[in-house]
Amino acid sequence: MAEMFVDKFRSLVPQYLDDQWVSEDGLSTQELDEALEEAGVEIPLVLREFYLTLGGCEDLMEAYYYVWDPEELEYDDGYLLFMEDEDEKYTWGLRVDQLDVPDPIVHRRNNRRGTWRSEEGTFSEYMLDMYSWVFDELEPELDN
């Protein structure tokens, strides 16, 4: 199977961390498969490639929001949950009925209300935009 998103995700390491991407920045196929089996979930291609590319890179996995380790993934409310904010006000997920789509649309749940809304972008678009926001826009504010 062709790697559709790997190059985009690999490019985040030199772009935002001023370092070369190395295989240790990702998880091995065996590590990922064992973690997914432990979690009892299936994931779309884009999330698989994200973990294989960046699942071992703490600086990106915990950049402002927290992308869950694959063994922590879970289904809830018809969504595969994969990320939350520091205060646990919001949780991000992918609709379970869209997990066969290579790059499904991201949704965000307001945990207090229990309501979901579309982020109007696919996983790859959302994550690339999020890292741009965190490193290009937020970081200068945090440095002041």
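We're numbering straight along the sequence, starting at 1.
- Both Leu32 and Leu81 are members of a single hydrophobic cluster when ILVMFWY side chains are connected at heavy-atom separations under 4.5 Å.
- Residues satisfying the side chain to side chain donor-acceptor pair (under 3.5 Å) test with Gln15, not counting sequence neighbours, are none.
- Contact annotation: the side chain of Leu12 never approaches that of Met127 to less than 4.5 Å [non-hydrogen atoms, C-beta and beyond].
- The nearest pair of heavy atoms linking Val106 to Phe82 is CG1-CZ, 4.1 Å.
- With hydrophobic clusters built from ILVMFWY side chains whose heavy atoms lie under 4.5 angstrom apart, Tyr126 shares a cluster with Tyr64.
- A pairwise comparison of heavy atoms in Pro44 and Pro102 identifies CB-O, 4.1 Å as the closest pair.
- Evaluation of the ring-ring contact (aromatic ring centres under 6.0 Å, His included) rule for Tyr79 yields His107, Trp116 as partners, not counting sequence neighbours.
- Shown here for Leu47 and Phe123, the closest heavy-atom pair between the two residues is CD1-CZ, 3.5 Å.
- With Glu31 contributing its side chain and Ser28 its backbone, the two residues share a donor-acceptor pair below 3.5 Å.
- Listed by chain and residue number, Trp92 satisfy the ring-ring contact (aromatic ring centres under 6.0 Å, His included) test with Tyr65 (two or more places apart in sequence, or in another chain).
- Distance CD/Glu3 to CG/Leu45: 9.5 Å, rounded to 0.5 Å.
- For Phe9, the ring-ring contact (aromatic ring centres under 6.0 Å, His included) criterion is met by Phe50, not counting sequence neighbours.
- Judged by distance alone, the side chain of Tyr131 and the main-chain N or O of Leu60 form a donor-acceptor pair under 3.5 Å.
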Taking distance alone, no hydrogens or angles, what donor-acceptor pairs closer than 3.5 Å link side-chain atoms of residues 94-101 to residues at least two apart or in another chain?
from, atom 1, to, atom 2, distance (Å)
Arg95, NE, Asp97, OD1, 3.0
Arg95, NH2, Asp97, OD1, 3.2
Arg95, NH2, Asp97, OD2, 2.7

**OP:** Walk me through it: do Trp21 and Thr53 pass the test side chain to side chain contact (heavy atoms under 4.5 Å, CB included)?
**Re:** CA-CA 9 Å; Trp21 181 88; Thr53 308; 3.7 Å; yes
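- The salt bridge (Lys or Arg N to Asp or Glu O under 4.0 Å) analysis of residues 78-94, with sequence neighbours excluded, yields no pairs.
- Remark: Glu125 engages Thr122 in a side chain to side chain donor-acceptor pair (under 3.5 Å) (not counting sequence neighbours).
- Hydrophobic cluster membership is shared by Leu36 and Leu27, with clusters built from Ile, Leu, Val, Met, Phe, Trp and Tyr side chains linked at under 4.5 angstrom.
- No single ILVMFWY cluster, assembled from side-chain heavy atoms under 4.5 Å apart, contains both Val22 and Leu52.
- Listed by chain and number, the residues in a salt bridge (charged side-chain N to carboxylate O under 4.0 Å, His left out) with Asp33 are Arg48 (sequence neighbours excluded).
- Contact annotation: the side chain of Leu128 never approaches that of Phe5 to less than 4.5 Å [non-hydrogen atoms, C-beta and beyond].
- Annotation: side chain to side chain donor-acceptor pair (under 3.5 Å) contacts of Thr29 (sequence neighbours excluded): none.
- Taken together through direct or relayed side-chain contacts under 4.5 Å among Ile, Leu, Val, Met, Phe, Trp and Tyr, Ile105 and Leu80 form parts of separate hydrophobic clusters.
- Shortest non-hydrogen contact noted between Ser132 and Tyr16 is CA-OH, 3.2 Å.
- Residue pairs that meet the salt bridge (Lys or Arg N to Asp or Glu O under 4.0 Å) test with at least one member in residues 7-25, sequence neighbours left out, do not exist here.
- Sorted pairs that involve residues 63-74 and meet salt bridge (Lys or Arg N to Asp or Glu O under 4.0 Å), not counting sequence neighbours, are lacking altogether.
- For Arg117, the salt bridge (charged side-chain N to carboxylate O under 4.0 Å, His left out) partners two or more places apart in sequence, or in a different chain, are Glu119.
- Considering OG1 of Thr91 and CG of Asn111, their distance stands at 3.5 Å, rounded to 0.5 Å.
- For Glu62, the CD atom counts as densely surrounded, since its 6.0 Å shell holds more than 12 non-hydrogen atoms of other residues, nucleotides or ligands.
- There is no side-chain donor-acceptor pair under 3.5 Å between Asn110 and Arg108.
- The minimum heavy-atom distance between Asp77 and Gly114, with the atom names listed, is OD2-O, 4.2 Å.
- You'll find the side chain of Ile43 stays beyond 4.5 Å of the side chain of Pro70, heavy atoms only.
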